[in-house]
Amino acid sequence: MGATLMTTMAASGVTAKPGSTKKTPFGKTPDGEAVDLYTLTNKSGVEAAITNYGGSVVSLKVPDRDGKLGDVVLGFDSVDGYVNNTSYLGALIGRYGNRIGHAEFKLDGKTYTLAKNNGENTLHGGTKGFNKAVWTAKEIPAKDGQALELTYLSKDGEEGFPGNLHVRVIYTLTDENALKIDYFATTDKDTVVNLTNHSYFNLAGPASGDILGHIMMIEADKFTPVDSGLIPTGELRDVAGTPFDFRKPTEVGARINSDDEQIKLGGGYDHNFVLRRKPGEAVSLAARVTEPKTGRVMEVWTTQPGVQFYTGNFLDGSLHGKSGISYTKRSAFCLETQHFPDSPNKPKFPSTELKPGERYHTTTIYKFSTEK
Ligand code: BGC
């Protein structure tokens, strides 16, 4: 049974019915375009609010061990915060997630030049990435919960990338308390694609201080060390014996200030982990995070080969989010499932090329539960 879309003009603040989706105005972009907030509520009242500005996840309310719902992502109260946001809070990232070294790459013998929006490099798609686009939103039926489809046409040459790229992202809030994200794309010219979501999580809530007490497990035997511009060197390094070994659940803060070259380069964790994919599995477990005070648990499952574990090292308190909360250093973490940064310039990394006639499809699931 399809869910009903209730379009209400003055619906802000109205509590959504379980098993429904509600659309409310979220403000206007600087160009005067109106954008909306879609609040998906599953059968048990778990709620994901998503705006079609940048396809950003604005809030995500999940239960703690006592069943109390609480928001676990950073975000803003209206579109203005997202327009001015340089930290990609909650956003869909494209055309290429994370960095491309020296803001250029070669494809089919031709050099493509991109914007240098992060030192000498390109970060998260360039000056106006998919996080700053207004997406076309449509509520679609889902068997297992509430779903929102977002589409965007990234034109040939946009931010320097070749090919008209038709992108479709489906967010599904399942009745099993998971936020599932399906990413699809097709192109009419050879191009490179790496799509992800940049939600910043704090499982104790966005106003609860730093995330150093969260317990992290990452299913990775190797990571991709970086240079001073945070571009992978090309090496796949064993995590064994380094602060990057999260194969056994470990506190995020346990080794974050250690005297390690890679930790220093990242100012903490800001690295791509090479996921241990299980052959034959559609989606594999990438990470499991637990928060001892609230008992909240988040598992990340994905079809992707990598995940960027970023500990909010560049948050400096200058961003004020929902309810005026100041987002301070390490007050949230990201687990951005992805292909490895700078893959277009690293022939040994799994390829990010997409050709006409091929269909890009990846899936990532953020699954919530609790433990005692
Ligand atoms: C990058 C960080 C960056 C952050 C926000 C992460 O994906 O790896 O270096 O600061 O996004 O832009």
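All values below were derived from every heavy atom in this structure, side-chain atoms included, with hydrogens, water molecules and symmetry-related copies excluded. Both ligands and their constituent atoms are indexed starting at 1 by order of listing.
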Student: If we check side-chain contact (heavy atoms from CB on, under 4.5 Å) with Val58, which of these qualifies: Phe76, Tyr53, Phe26?
Tutor: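 Of the listed residues Phe76, Tyr53, Phe26, the side-chain contact (heavy atoms from CB on, under 4.5 Å) partner of Val58 is Phe26.
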Student: Could you list, one pair per line, each nitrogen or oxygen of ligand 1 together with any protein nitrogen or oxygen closer than 3.5 Å, giving atom names and the distance rounded to 0.1 Å?
Tutor:
from	atom 1	to	atom 2	distance (Å)
ligand 1	7 (O)	Asn98	ND2	3.4
ligand 1	7 (O)	His124	NE2	3.1
ligand 1	7 (O)	His198	NE2	3.4
ligand 1	7 (O)	Glu336	OE1	2.7
ligand 1	7 (O)	Glu336	OE2	3.1
ligand 1	8 (O)	Asn98	ND2	3.0
ligand 1	8 (O)	Arg99	NH1	3.4
ligand 1	8 (O)	Asp270	OD1	2.5
ligand 1	8 (O)	Gln308	NE2	3.2
ligand 1	9 (O)	Arg99	NH1	3.2
ligand 1	9 (O)	Arg99	NH2	2.7
ligand 1	9 (O)	Asp270	OD1	3.4
ligand 1	9 (O)	Asp270	OD2	2.4
ligand 1	11 (O)	His124	NE2	3.0
ligand 1	11 (O)	His198	NE2	2.7

Student: With sequence neighbours left out, what residues match Tyr366 under ring-ring contact (aromatic ring centres under 6.0 Å, His included)?
Tutor: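 Once residues adjacent in sequence are excluded, the partners of Tyr366 under the ring-ring contact (aromatic ring centres under 6.0 Å, His included) criterion are Phe201.
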Student: Is Arg255 positioned over the aromatic face of Phe246, cation under 6.0 angstrom from the ring centre and no more than 45 degrees off axis?
Tutor: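 So Arg255 does make the cation-pi contact.
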Student: Run the ring-centre check on Tyr88 versus Tyr200 and record whether the distance is less than 6.0 Å.
Tutor: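 No - the distance between ring centres of Tyr88 and Tyr200 does not fall below the 6.0 Å cut-off.
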Student: Applying ring-ring contact (aromatic ring centres under 6.0 Å, His included), which residue pairs with at least one partner in residues 137-158 are found, sequence neighbours left out?
Tutor: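 Pairs touching residues 137-158 that pass the test: Phe130-Tyr152, Trp135-Tyr152.
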Student: What pairs with His166 under ring-ring contact (aromatic ring centres under 6.0 Å, His included), at least two apart in sequence or on another chain?
Tutor: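 Partners of His166 under the ring-ring contact (aromatic ring centres under 6.0 Å, His included) test: none.
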